[in-house]
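We're numbering straight along the sequence, starting at 1.
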Amino acid sequence: MNTCSNYLDLVNLPISSVDGITPAKAKALAEGGFLTAYDLATYFPRRYVDRRYRSGISTASLGQDVLLLVKISEVRAKFHGKGREIIEAIAADETGTIKVVFFNQSWRKHQLKANIEVALYGKVEKFGRFLQMVNPIVDLIGDRTGRIVPIYPHSEKFGFRSDEMPKFIGKVLNYTAGLIDPLPRNMLQGLGLISRSKALRAIHQPQDPIDHKDARNRLAFDEFLRLQTHLVAKKVSLELAAGGISHNSNGVQYLTSMRIAPKASFSARAQGSYQPTLGDYSSDNLLVRFLSSLPFAPTQAQIRVIFEISNDMASRVPMHRLLQGDVGAGKTFVAVVAALIAVQSGYQVTIMAPTEVLADQHYIGISRLLSGLDVPNSGDGGLFGDKERPLSVALLTNKVTASNRRRLLDELSKGECDILIGTHALLSEGVRFLNLGLIVVDEQHRFGVEQRAILKERSISSGSFEPDTLIMTATPIPRTAAMTIFGDLDYSVLDELPPGRSPIITKWAKNEEQLHGTWVRVRREVAQGRQCYVVCPLVEDSEKIMAKSATAIYEELSVGELSGLRLGLLHGQMATNDKALVMERFRNHEIDVLVATTVIEVGVDVANATVMVIMDAGRFGIAQIHQLRGRVGRGAHQSYCYLVQLGEVEETTISRLSACVDSSDGFVLAEADLELRGEGTLLNARQKGRSDLRIASLFRDRDLLNQARSVSRTIVGNDPTLSNYPALSAEIELFVGNDQGDFITRN
Ligand code: ADP
Ligand code: MG
């Protein structure tokens, strides 16, 4: 028998060649998705049953979680209520007998049979004269010996008894004793990590709990380390390339002389009575002119983040920065300052939004913010020539007419357009910038390498220069997760909302009466001159069905609960112009209640809107609800969000909706979301391929992640090719590959 010296060897060893696994079993394993020795070696136990901590049925303390090792003697199914099934089993150990009851788990009748041994984990209760356990965690352990028994996830699903898995894995472990560790011994010792061979053995066959904890730490660390080293190496190689633009950030210091808005005087500021002084700053400077006419004072967080960005922009290293800020935190203002830094340096800016509605919104908002600003006329007398022209902001979406588009593109290629806002239409053929210096991407997780490359190619004279990139997102991502998903980006957080926002009151409408109350609220707010959104149920991947249901709800409300109010309808199947028209009418307050699909999810900014009603809210994820809710509470008026979800719902739905009712802090919600959904979904937001996180948890292993991050910095140093760590490098190649975490910075 050959032994394996690294993971690649394990990956190259088919199950059918593993000594001690019969061809029939190998075939069955292959059907379960286990093709190689590696697949089995890294099929980690879901948990362990520690026989030393077992309780006896009659000696267990009532009402506390305990572990029982029992033999099933009888299983029966009963019906109650509307065809719902209850499974009851009788189980015994040497101390007594207990009834085990399962609600809504019909499949248990296939899992549990007389005479099998199982581990039950749950609370023992007294029910009449009997002891019983309701909905315990059940593990089939068979007659295995050993004090600590590993339990593998869903082995029944593959057609194996759960006690067979450890045997197959044991065969594979015969090959792994001599694995060469990708990290030098002294480094491992310094980190308090055990060797990989030892870890693989101990995770599957622990002698005691410390054993499997150490094993888990080592293996989880490795997973983080691969990902982090990959990301850090990419970042360093970009920094070494240093082909960026050194923008002129003069004037940005003016921010520090602006008074930071105290809460009380917000309305005074909003009404324009706030006027910072120019002080020592030159009124020639574009940024200073802009900032001194700003209708509000920036928040402390905005100032901090702008400095982070302006430092990046001033440096020759191309900026790749992620700006995360909760809905309403004021990211647009930050983006506008970055844009002006590029413009005053003589470059053009493009701002890309995911939808036409949002592109329109940005265009309107940004044009308004920048109105009245002049820039030097580049055609004449260079950057600071005395001939000036108004700073030009333009919009490019698919609805721009052919002749307007031609004119716009002509101006763009001559450098007469400074800031071009748009949708994916920005990437289309024929768009040519004279000299693109900054790309701002709003709310687009899927904006990738290719898109960036296209934009860069569209620039005529910056040619070899890499434009700076600022990616903005309101999707709350816990820091640890952000580090994993966007670890190759620098990261700024706007963790403060502008003053004067009162928290949104969120309610869950659970029944018809509360739903009626919701419409009463809508009417009341409209009567007071406010506006409302009604968001229609989410249907996975079907714009058509969503449009239909939005239309139905719109029609029902117009003649029912909201009759007499001015209702508007907005959905993805409408013609672009119609969509824009509806949004415009809503903005102009010609519509009181906008019934819409999730097309309004991001970025829409109508400060007069105070009620967000989300129909069938249970279908939405936490992040989405949070986004939608962020459409209200943007002005000084008290705002409300109603989560409509009638009838009985699943436990996880209850948790999700309750989390949204309880908190409106994006980061708190993100943590809740991560805990509820697990990290898989989160990673999928960016990483398409196989996720390498098999054992590590972004939620539980934050400390390990931080440790891995700092170790990866040491390892990469100034050598992104990792020439001193060939084994680690090969592993990264093998698992992280080149398609993961690679959206924004790959060249
Ligand atoms: P988001 O981060 O969700 O994109 P926006 O940039 O749309 O947020 O800003 C939300 C609202 O807050 C806008 O109407 C904007 O003008 C306003 N705003 C931004 N910064 C401030 C500030 N410092 N003080 C007061 N209002 C602000
Ligand atoms: Mg925004």
Side-chain angles (χ1 to χ4, degrees), residues 4-13 36-39 41-42 44 176 179-188 190-191 193-197 199-200 216-241 320 448-449 480-489 679-680 682-698 701 704-747:
C4 295
S5 57
N6 55 40
Y7 276 175
L8 183 61
D9 289 350
L10 280 172
V11 168
N12 287 334
L13 177 64
T36 72
Y38 177 80
D39 294 335
T42 56
F44 298 121
T176 60
L179 289 181
I180 296 166
D181 212 291
L183 291 182
R185 180 175 310 205
N186 58 351
M187 191 179 251
L188 287 178
L191 293 164
L193 294 171
I194 62 173
S195 82
R196 179 178 280 175
S197 289
L200 277 177
R216 202 188 159 279
N217 270 355
R218 171 61 210 265
L219 296 167
F221 179 84
D222 282 2
E223 292 181 352
F224 284 143
L225 185 72
R226 285 195 284 270
L227 206 51
Q228 292 305 317
T229 306
H230 174 66
L231 293 168
V232 169
K234 271 203 303 184
K235 193 157 175 282
V236 168
S237 75
L238 271 167
E239 284 167 10
L240 293 174
H320 295 98
V449 190
T480 47
M483 198 194 280
T484 307
I485 307 170
F486 299 107
D488 48 342
L489 304 183
E679 34 259 5
L682 235 178
L683 287 172
N684 280 338
R686 191 156 182 236
Q687 300 179 337
K688 305 176 278 189
R690 146 176 57 165
S691 168
D692 189 35
L693 296 189
R694 290 185 173 219
I695 195 168
S697 153
L698 296 177
D701 301 320
L704 272 182
L705 175 57
N706 284 322
Q707 204 180 27
R709 179 75 173 178
S710 86
V711 171
S712 65
R713 287 213 190 88
T714 314
I715 286 178
V716 175
N718 276 325
D719 174 21
T721 63
L722 302 177
S723 48
N724 290 327
Y725 299 85
L728 182 62
S729 171
E731 235 169 65
I732 291 170
E733 185 80 6
L734 181 62
F735 295 116
V736 188
N738 272 325
D739 63 325
Q740 283 207 15
D742 237 14
F743 273 55
I744 286 103
T745 56
R746 196 168 83 205
N747 283 318

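Atom CG of Leu225 is separated from atom CD1 of Ile732 by 6.5 Å, given to the nearest 0.5 angstrom. Leu227 CG to Arg709 CZ: the interatomic distance, rounded to the nearest 0.5 Å, is 9.5 Å. Within the model, atoms CG of Leu193 and CG of Leu191 stand 5.0 Å from one another, a figure rounded to the nearest 0.5 Å. Summarising the geometry, atom CG belonging to Leu231 is positioned 13.0 Å from atom CZ belonging to Arg226; distances are rounded to the nearest 0.5 Å. In this structure, the separation between OG on Ser237 and CG on Asn718 is 11.5 Å, given to the nearest 0.5 Å. Considering OG of Ser712 and CD of Gln707, their distance stands at 11.0 Å, rounded to 0.5 Å.
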Would Tyr725 and Glu731 satisfy side-chain contact (heavy atoms from CB on, under 4.5 Å), going step by step from the backbone distance to the final call? CA-CA 10 Å; Tyr725 299 85; Glu731 235 169 65; over 6 Å; no

Give the intermediate values and the outcome of side-chain contact (heavy atoms from CB on, under 4.5 Å) for residues Thr229 and Ile715. CA-CA 8 Å; Thr229 306; Ile715 286 178; 4.3 Å; yes

Between Arg196 and Thr176, is the side-chain contact (heavy atoms from CB on, under 4.5 Å) condition met? List the steps. CA-CA 9 Å; Arg196 179 178 280 175; Thr176 60; over 6 Å; no

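Remark: Thr42 engages Arg694 in a side-chain hydrogen bond (donor to acceptor under 3.5 Å, both in side chains) (not counting sequence neighbours). Judged as a ring pair (Phe, Tyr, Trp, His ring centres under 6.0 Å), and not counting sequence neighbours, Phe221 has no contacts. For Ala727, the side chain to side chain contact (heavy atoms under 4.5 Å, CB included) partners two or more places apart in sequence, or in a different chain, are Pro182. Looking at residues two or more places apart in sequence or on another chain, you find a side-chain hydrogen bond (donor to acceptor under 3.5 Å, both in side chains) between Thr721 and Asp719. Looking at residues two or more places apart in sequence or on another chain, you find no side-chain hydrogen bond (donor to acceptor under 3.5 Å, both in side chains) involving Asn217. With sequence neighbours excluded, the residues satisfying salt bridge (Lys or Arg N to Asp or Glu O under 4.0 Å) with Arg216 are Asp701. Under the rule for a side chain to side chain contact (heavy atoms under 4.5 Å, CB included), the partners of Ser197 that lie at least two apart in sequence or sit in another chain are Leu179, Ser195. When the side chain to side chain contact (heavy atoms under 4.5 Å, CB included) test is applied to Leu8, the partners found at least two apart in sequence or on another chain are Asn6, Asn12, Leu734. Scanning for salt bridge (Lys or Arg N to Asp or Glu O under 4.0 Å) contacts around Asp9 gives an empty result, with sequence neighbours left out. Under the side chain to side chain contact (heavy atoms under 4.5 Å, CB included) criterion, Pro726 pairs with no residue, sequence neighbours left out. Residues passing the side-chain hydrogen bond (donor to acceptor under 3.5 Å, both in side chains) test with Thr714: none are found, sequence neighbours excluded.
In plain terms, the two heavy atoms of Leu10 and Ala41 that are nearest each other are CD1-CB, 4.5 Å.
For the pair Leu705/Gln228, a side-chain contact is recorded, criterion being any heavy-atom separation below 4.5 Å from C-beta on. The shortest distance between side-chain heavy atoms of Val716 and Val236 falls below 4.5 Å.
Between Arg218 and Glu223, no side-chain nitrogen of the basic residue sits less than 4.0 Å from a carboxylate oxygen of the acidic one, so the salt-bridge criterion is not met.
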